[in-house]
Structures are given as structure tokens and as C-alpha cells.
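A short write-up of the structure that comes next.
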Amino acid sequence: MDKHYQPSLEPDIYQLWLDKKVFTPKINPKRKPFTIILPLPNANDPMHMGHAMFTIEDILCRYHRMLGDPTLWLPGADHAGIETQFVFEKKLAQNGKSRFDYDRQTLYKMIWDYVEKNRKINQFQLKELGFSLDWTRYHYSLEPKIIEQVLATFRKLHADKLLYRGERIVNYCTHCGTAFSELEIDHVEKDDFLYYLDYGPIQIATTRPETIFADVAVAVNPQDKKYKKLIGQQAIVPLMSKTIPIIADDLVDINFGTGALKITPAHDTTDFEIGQKHKLPTISCIELSGKMTNTIDGINGLYPKQARIKTLEMLEKQGKLIKTTPLHHTVGICYRCKNTIEPLPVPQWYVKTKPLAKPVIDSIKKEDTEVFPKRFKKTYLDWMENIHDWNISRQIVWGPQIPAWYCLDCHPDIQLNFIDKNGNIVSGKYQDIKEKYSFEDIKKGLQTLNAPVSSKYFLENTDNSCPHCSGHHILQETDTFDTWFLSGQWPLTTLGFNVVDPKKSSPDFNYFYPTSVLDTLWDILFFWVGRMMIFGFYLTGKTPFKMIHLHAKVVDEKGQKMSKSKGNVINPSDTVKQSGADALRLALVYGVAPASNIALSQDKIKAQSHFVNKIWNASRFALMTLDRFPKASFTLPKKLHPDDQKIIKKLNKLITSVTSDIEKYRFGQASENLYQFFWHQFCDSYLESIKNKGATAIPVLMHLLITQLKLLHPFAPFVTEAVYQQLPPIFTKKQPILATASWPSPIHEKTQKS
RNA sequence: GAACUUGUAGCUCAGUUGGCUAGAGCGCAUCGUUGACAUCGAUGAGGUCGGAGGUUCGAGUCCUCUCAAGUUCACCA
């Protein structure tokens, strides 16, 4: 054995586990399984410390495997729709290209190839950290089998009337060219101005003067005495000299601005709501591209930012701008590109979530699904109880397309964007361009289509013909699924659930579902955990996991988030190469309170790599002692020496506490106790004490060592297995691999009591 | 605006249901070490556990208030 622990031996140990198939469980109806589905990493992302936190799951899995439970930890990777397309587009931009230079098929293929490379790296890095994942059950979110089930769920939702296409105000990022769900919007505080404008008989206050062109009414609060007389009269939109009605609605805040609100249903959610209530038209003055339209000369074609300046100039010239006051408020920005979100009316696909959330709420309340730590339960319930319909469509190419088809002959008003033979972008309604371009050319170069919300669609397309007119000019919806629509079904799809006929689900599904624990960072509690539960209950009537365990994020030693710009990132892969996976794993759990931030520093990693080395060297010492006494007995005597009794008693206590700490998710405490015992009790005290003893020390020495190797194994799998493999066969004959050796239990309890 | 979390040695943090003479790692000081390990050992300095009040035989641990830091949620034009 080497004088120091060498992390370079880790790959061989991992290979040993793979060769012996220790991570691949066998279905055993007599035993309850232990199952964790790995929170599928973004296939395109290199590993960061967030991924290294899978250590918690590995500890649980390795512990249960040693208990003898058929243990499945199922790995996978996510195509991560918007995230990945965004990264890819940045790459395109570096080469002076954009997504608009390609038709959707070409773009999709390019992203696919790009992701494939990184997906392999991702897998390799998970292995580097020693994660005991069952690679024979690996899945990728864009596998045909996975997609097939996801599409089936879409159809089932539709059949159950839980899915609809609707035109509402959505959070649209004109830069990313797609709508987002509410969860994907960040809010930032901003210093802006509130502009008071003259609307004839009434004055209004607005932050967005550039949208006055799409005004359809002015609303006041019915309780507002100063405006009572004006209700029912007409206001005049400046610059356009358009008259619009003055209406009353209690959503208007009397004390804000002038107490009168201009109603622009197309560009504000509150306005849209009021507009719907009062049956007002929705006029849009901003296109999906983000440019102004339907306004007046000088404004059309501008982006809102310039349009605002220009509009204000014009208003001022005409004396319609009464005053300007500063305003501190919050605006929504795109979580990806940080541009201001433009609320726009766009047809989107929605899932009715209220009825779906009900069983989830019940299950959480009854604690059929437990939440750890408990404090998140309230937050989670609050969200579930106030859930809004879920926009599941995204206007990007990277992901499965929504399986709905439109007939262009039935709906010639469908808007099309495509690249023609010469590589030019063509936009227009089908009726206006069909003479000039063949359907085949349109289809081949298609980027997006935009069907009015009234368009009929069909969900089964077997023979490429329209069920109404039998025509063949049909196109598939170009919207793709929100990534979470796929990953929300991950526990079901990866285990082999059959949506159409649940009875035909795979044996894996029948055995391993519901899974035992779902561990993740709390930031995707709503995004992912919530959706998985919704789908779990909807499709199977059961919770997808019995326990939701939330861990905190990894921060640097100053408590700051790790980020490239701060330069405080510790890369897991580099750390593994330098100090070994065990050191990193221990550093991530050692002394960390459940669900508190995990402060990681090079110091902490160093400390734990010293510990790993200590395990190695103490074991080396034990083995050298064995060599000195080749004829020594290995069996523990019935009657122990009082000193031995003492240490065995302490060891028993350690076994009990570590076991219970793991059961209660107190990994920080467990690792701390293991560290303290191994280093100070075992090494500093016990090993020193036996240096003068002879062969008689061997049985207790080996018992102490092997028991501790077992207890340490879930935390530091590599060094413990490496040492275990060095032990003489007499110790390992029955259980040749530590990873599947049995979890220790206290011994000599009777001796202790007497 | 609402909710939640955190505040313990120089630094980063443990401390489960109240029993602690308050711990660890790193750092610091002094000494030691040719055979398990200098990625080591021994000894030590360093804290009135953010502040104030309360419950209790007993509080870092429970309650109230207060100060500070942070996070999340919310339709305010």
C-alpha cells in the first residue's frame, strides 16, 4: 500500500462496482425497494457544485443498499429546452449567426449534435464523484420512448378537458422570442417615471406612454367621488384624437396617480382582466418582434424604448404631458436574458392546474408526501393553493413539438414565417403567400407558425390529411413543450409507466414506484417537484415520492453564491482530480446542518482530504500489524478485556447514532461523529494503545476497522472500498464488495450491560 | 406589502426533543517526531452563544420584543 491515499485509484474502484453490477438492483417482491430518481441534470451543462450535492442521494442509496434493500438510483439527462437553446444561440451569435438564419429542422439538428457531446461529459462526471447510479437504466429526455409517453399525456389531458388553447396576456420575451410561465419571470426594482397625461375630461397616469395607441378605455374606481360624474362619458387619447369610454372597475386604486387608469388590454395583465370583464376589444401596438405597430407615423417600427421617448416628445409638443414624477416600482424581466418582459396577447397552450393540484394539496396536508425541512411545507402549499393555469408552450425549437396540426386550407389566416429557397425570411398569412410559394417550400423552410386562437386543430395525424377538408396542406404546431412538462413526468416515464394503458406498465414501474425520496435544491420546488406531483397523481393516483428532501445551495466561505463573475467557483471535477471524490463529498456534508447553506472552501476540502488519508493510513497500519502476526486468531473472544469492552461500547454507540442520523437526514452530524471517532478514538487513542500489544489485539482491531469502513462507506465510498479490497480474504470472503456488504449493528450488547 | 431563514471562537460552521465544564476544521502559539500518517502527535490561547426581557431547578436550545443580514412570494398602472 502506498504511503498516501492516491485519488488516481478511484476510477478502478468505480469500474469494479460496475463490473460486479452492484448498482443494478434485482426486483425482489419480498423486500421493499429503495428508489431515488436523480434530478436529471441539464445534458448540456458541465458539472457544478449543485450536482455534487447528489452526494446526499448517494449516501442514502449506499446506506440502503448495505441494509439489503433492492436499491435503484436512476440516472438521466434533460435536454432543458430554453436553457440549452439560449446557450446555443449565444454560440451562434459569436459566429455572427442567429436562429433566424435556419429553418427549424436544421436548427434542431445543430443543437442536438452540440448537446450530444456534452451529454457524455456529464455522465463521466457523475461517475467521477462515485455516484452509485444504475447506468443500465439511464434515460435521456428526448428518447423516443420518453417522448411517446409525454405526448400521450398531452392527449389524455386534452381528452379530459384539462388542456386548452387560449389567448391571454403572456410573459413574452421579445429577445428570446418566446413566452414564459410566471415562474420564469424575475422581478427587479427599477426607478422609472410616472407620466400624467391629458385625456380630455380626465387625466391619467402611466409608466408606459408608448402604449397609449392601444388604449380602449379609461377606468376609475366606482367609489371614487371625484370621477363619479365622468363614468359613461368619453375620454380622448392624445396624438390619435381617438375617443374611448370612461368605465368603472374596482381594480383601480383610487390613490395611485390620478386615480384614473388607461386600459390597454393587449399590454398589461390587469388591463386585460378589466378588458375581458367589460368586453372591450384587445388592440395590440407591439408585435412579437418587439416593434411598435398600429400606432402613428414616426412611432411604427420603433422599439418601445425609443417609442417612449418619441411619444413623450410629441405629447409635450401638444401640451398633453402634464407632469412627470419619479416612480420606484418592480418590472418583470426574462430570467435568461434579463430583458424586460413584454406582456403580449399570444395564443398559447394551457393546462388547467386547479383540479390537478387538489390531490397534491391533500397528500401534502395528510403527510402522505412528507416535506423536509418542514418549513417548506407551508410555502409549497401556498403555491399549490394559488396555482394558475400553466402555459406549457414555448416558441423555441429545442424540444418536442406540441402534437397538434392545423390545416392551412381551412385556416388561410395562419401566419407563417419561413426561409425561402434563396435563404430569405418570408413572413405572411398563408392566403397572401400561397400563390408565390409552394406548400412544400414553406414546410421545408418553416420557422414558426402562428395560428389565431380560433383555429381548429387536430391531435391525431396518421395520414397527413385534414379531417375536415381532407386537404394535405397541414402543418404541425411549431410551439414546443415547456421543459417541465417533460421532466414533470420523469419518475413515470423513466420507470416505464404506460399512459394509455397503465396495466401495461413495466415491472420496474410496478415495483419501484412510488419512489422513496426526492432530493433537490429548493429552487425548483415549484418548477419541478410541484409538476411531478401533479402528473404523478393525475396519471397514477399516487404520489411520485414519499419524501421530498430539500437541501440548500452551495456557497463560498463568505456565504456568497458561486458564480463565474465573482471568481469564487470551485469546480467539482478539478477538485476530484486534486483531492479525490471522497474529500469533496465529505466536505459537502461534514458539519452542515440540514437545509442550511453549504459553505464550501478549499480549506474544508483540504481538511477532509487529510481525513481520507487518515483512513488510508490507519488501515495501512492495521494491515501491517496483521502481517506481523500471520498466525493470529481473527475471531472475537466471548469475554473481552475491559479496555476492549470500552471501545466496543463506544463503537456500538457510534453505529446507533450514525444509523439514526442517516435515517433522519442529519448527514452533517453523522459525518462529524464518524470523523471524531475514527481520528481521535480509534487512531489517537486505540491504535496507540495496541502498539505494545501482540497478536491478541488483532480481533478487536479488525472489528473496529471493518465496522468503521462500513459506516464510512456511504460518505467516502472510494477509500473505504479501496482499503476493503486490500483486506485478507478471510475478512471479505462472504462479502467481497464493501458497497454491498451488510450494514453493521451493535455487538456484545450483553457483555456491555453486565 | 407578506412570508421565511440566519446571527455561537480571527474565518467557515456543528450543537436532534432545554442538562454544556459550549465543540470541529482552518488559522495562531509552544513542544515533539528516523517504522501507519508532517496530509502526523501533544499542549495551549481564543466565546458573558446579536441585544433586552420572560418561562424554568436549569436556556445557545422555548416565548415576547428589538437590532442586523439574507432569501422567497405578491397584479399596483
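Each chain gets a letter, A, B and so on, in the order the sequences are listed, and its residues count up from 1. These figures come from a predicted structure and were not determined experimentally.
A salt bridge links Asp249(A) to Lys277(A): one of the charged nitrogens lies within less than 4.0 Å of a carboxylate oxygen. We find that Lys338(A) and Asp186(A) are joined by a salt bridge, their nearest charged nitrogen and carboxylate oxygen being less than 4.0 Å apart.
Because its NZ or CZ atom is not both nearer than 6.0 Å to the ring centre of Tyr675(A) and within 45° of the ring axis, Lys614(A) does not count as a cation-pi partner of that residue.
Here His4(A) lies parallel enough and close enough to stack on the base of U39(B), with planes under 30° and ring centres under 5.5 Å apart.
Lys664(A) has no side-chain polar atom (N or O) that falls below the 4.0 Å cut-off from OP1 or OP2 of U16(B). In terms of phosphate contacts, Lys614(A) brings a side-chain nitrogen or oxygen within less than 4.0 Å of OP1 or OP2 of G41(B).
The CG-C1' distance, from Asp684(A) to U43(B), rounds to 13 Å in whole Å. The CG atom of Asn171(A) sits 11 Å away from the C1' atom of C75(B) (whole-angstrom rounding).
Checking A24(B), C37(B), A36(B) against every side-chain atom of Met624(A), the shortest atom distance belongs to A36(B). Closest contact between the side chain of Arg666(A) and the listed nucleotides A14(B), U16(B), C40(B) involves U16(B). For Tyr590(A), the side-chain atoms get nearest to A24(B) when compared with the rest of A36(B), C40(B), A24(B). You'll find that the side chain of Gln669(A) is closest to G15(B), out of C13(B), C75(B), G15(B).
When only modelled atom types and interatomic distance are considered, Tyr5(A) and Glu10(A) share a side-chain donor-acceptor pair under 3.5 Å.
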